[in-house]
Amino acid sequence: RSRVLFSLAQELAPMLALAMLLLFIIAMPAIIVRAMAFKLGNSVHRNVAFGFVPNYRQAYAVFLAPTLALIVLMATFGFGAVATTGGNGSAAIGITIAILAYVLGLPFFAYIAAKFYVDNSRYGDSMFSYAGRAGGFYRVYGMSLLLGMGIVMLVAALLGALGSQAVTLMADQSTTGGVADPGQAMMLLLSQGIILLLLVPAYTVIYAYFQTQRFNLIYGNTVLAERYGFRARLTTAGMTWLYLSNLLIIVATLGLGVAWAKVRSARYHLGNLDFVASEDLDGFAAARRRNVSALGDEFGEVFDLEVGI
C-alpha cells in the first residue's frame with residue numbers, strides 16, 4: 001500500500017514524493033532495527049530463540065551518517081560544480097571525485113553495516129560478534145570491480161574489432177562498386193549478438209563471485225559467545241549454477257517458482273555453513289523471545305529494503 005502511494009506521489013506530486021523519500025532516509029535506521037528485531041525474533045533453532053538488540057543510536061551512526069555524508073558530497077562536488085561553472089570540465093571533475101569517494105567508501109560502509117548486524121544479534125542469551133576487519137571487504141569489492149571492468153573492456157574490444165571489420169567491408173564494397181555480401185553482414189551481426197548475450201552469464205559469474213566471497217567473509221569471521229565459530233564453504237561455481245538454474249526455473253514457471261527458488265537458495269547457503277564448536281550446544285539457555293511488531297518488516301517492503309547479512 002505504501003509503495004503504491006509513493007508511486008502515485010511521484011506521478012502527481014513530485015515534491016511530496018521527495019518529502020516522503022527524505023522522511024524514509026531519516027527513519028531508515030529505525031526501520032532496519034525493527035525489521036531485524038522482527039526477523040530474528042521469529043527465528044528459532046533447537047528451541048532457542050534468536051534476537052536482535054535494538055541499538056538505535058548505533059544504527060543512526062552506521063546508516064544515516066554515511067547517507068547524509070554522500071548527499072552532501074554529491075551536492076558539494078557534483079551538483080554544486082554544475083551550478084557554479086555552467087557544466088564545463090570542472091563539473092565533470094567534481095562528479096568524478098564524488099563517485100570515487102562513493103566507490104572507495106562503499107566497502108567500509110559494508111564492513112560497519114555487517115559488524116552492526118552481527119554484533120547486535122544474539123542466540124538465546126549469547127551474543128554474536130564480528131572479528132573481521134575492513135580490509136577483507138576492500139579485497140572482495142575491489143576484485144569484483146576489477147573483474148567487471150575487465151569484462152567491459154573485453155566486450156568493448158571485441159565489439160570494436162567487429163565494428164572495424166564492418167567499416168572495412170563497406171569501404172571495400174564502396175571502392176569496388178560491389179554489392180554487400182549478405183552472409184558476411186549476417187555473420188557480423190550474429191557475432192555481435194552472441195557477444196552481448198554472453199554478458200548475462202559473464203556478469204552472473206561476477207555476481208556469484210561477489211556474493212560467495214562476501215558470505216564466506218562475513219560468516220567466517222562471526223563468533224558466538226566468544227568461543228564458537230563458523231566455516232563457510234560457498235563456491236563461485238556452485239553459486240553461478242544456483243543463480244542460472246533458479247533463473248531458468250522462474251522463467252519456465254512464469255514467476256511461480258520464485259518462492260521455491262528462494263527456499264532452494266536458503267538451503268544451499270545453510271548446507272555450506274558449518275558450526276565449529278569444541279563442546280555441545282546444550283549449555284545454551286533459551287532466552288525469552290522479545291515481542292516485536294511487524295512494523296519494520298512492513299516499512300522495509302515499501303522500498304524493497306533488504307536488511308541483514
Side-chain angles (χ1 to χ4, degrees), residues 95-96 98-111 113-114 132 134-169 183-220 232-273 304-306 308-309:
I95 295 175
T96 302
I99 293 175
L100 285 176
Y102 172 76
V103 171
L104 293 176
L106 185 60
F108 183 75
F109 173 74
Y111 161 71
F137 285 85
Y138 276 96
R139 285 192 296 271
V140 172
Y141 279 75
M143 184 59 67
S144 301
L145 179 62
L146 289 177
L147 290 173
M149 292 174 61
I151 292 294
V152 169
M153 290 188 291
L154 178 61
V155 169
L158 291 175
L159 292 178
L162 291 175
S164 178
Q165 280 188 334
V167 171
T168 302
L169 179 62
Q184 287 182 318
M186 182 61 68
M187 284 300 297
L188 287 174
L189 289 175
L190 184 60
S191 299
Q192 291 177 337
I194 291 174
I195 291 173
L196 293 177
L197 285 176
L198 288 176
L199 283 175
V200 175
Y203 274 104
T204 301
V205 172
I206 295 174
Y207 182 73
Y209 169 83
F210 171 76
Q211 292 295 341
T212 297
Q213 296 300 316
R214 183 175 177 273
F215 182 90
N216 292 345
L217 173 67
I218 293 175
Y219 283 95
R233 298 179 286 103
L234 291 187
T235 63
T236 301
M239 288 291 288
T240 301
W241 167 246
L242 180 70
Y243 288 140
L244 292 177
S245 57
N246 279 350
L247 177 62
L248 291 175
I249 292 169
I250 292 171
V251 172
T253 58
L254 301 179
L256 297 177
V258 171
W260 183 85
K262 288 183 177 181
V263 173
R264 183 169 177 250
S265 297
R267 292 187 64 176
Y268 178 78
H269 282 79
L270 293 176
N272 287 278
L273 182 63
D304 287 331
L305 180 65
E306 291 290 340
I309 57 176

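Since we're looking at a predicted model, the values are computed, not measured.
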statement: Taken in chain and number order and not counting sequence neighbours, the residues that satisfy side chain to side chain contact (heavy atoms under 4.5 Å, CB included) with Ile250 are Val258, Ala261

- prompt: side chain to side chain donor-acceptor pair (under 3.5 Å): which pairs involve residues 248-263, sequence neighbours left out?
  reply: none

message: Quick check: closest heavy atoms across Arg214 and Val140, and the distance to 0.1 Å?
response: N-CG1, 4.2 Å

field: Qualifying residues under side chain to side chain donor-acceptor pair (under 3.5 Å), relative to Gln211, sequence neighbours excluded
entry: Tyr207

- prompt: Heavy-atom distance under 4.5 Å between the side chains of Leu106 and Phe137, does that happen here?
  reply: no

task: Supply the atom-to-atom distance Ile249 CD1 to Leu256 CG, rounded to the nearest 0.5 angstrom.
output: 12.5 Å

statement: Rounded to the nearest 0.5 Å, the CG atom of Leu234 sits from the CG atom of Leu217 at a distance of 12.0 Å

- prompt: Do any pairs count as a side chain to side chain donor-acceptor pair (under 3.5 Å) and have a residue in residues 240-250, sequence neighbours left out, and if so which ones?
  reply: Ser245-Arg264, Asn246-Arg264, Asn246-Ser265

Distance-only criterion, 3.5 Å: show the donor-acceptor pairs between side-chain atoms of residues 147-154 and protein atoms not counting sequence neighbours.
none

query: For Met239, does its backbone N or O pair with a side-chain atom of Tyr209 as donor and acceptor, under 3.5 Å?
result: no

query: With Leu247, which residues qualify under side chain to side chain contact (heavy atoms under 4.5 Å, CB included), at least two apart?
result: Val251

- prompt: So with a 6.0 Å cut-off around CZ of Arg233, is the heavy-atom count from everything else above 12?
  reply: yes

message: How long is the straight-line distance from OG1 of Thr212 back to CG of Leu242, given to the nearest 0.5 Å?
response: 9.5 Å

message: So Leu159 and Leu196, do their side chains get closer than 4.5 Å, heavy atoms only?
response: yes

message: Within this structure, what is the CG-OG1 distance for the pair Asn216 and Thr235, rounded to the nearest 0.5 Å?
response: 9.0 Å

- prompt: So, for Tyr141 and Phe210, is the gap between ring centers shorter than 6.0 Å?
  reply: yes

- prompt: Under 6.0 Å from the OH atom of Tyr203, do we count more than 12 heavy atoms belonging to anything else shown?
  reply: yes

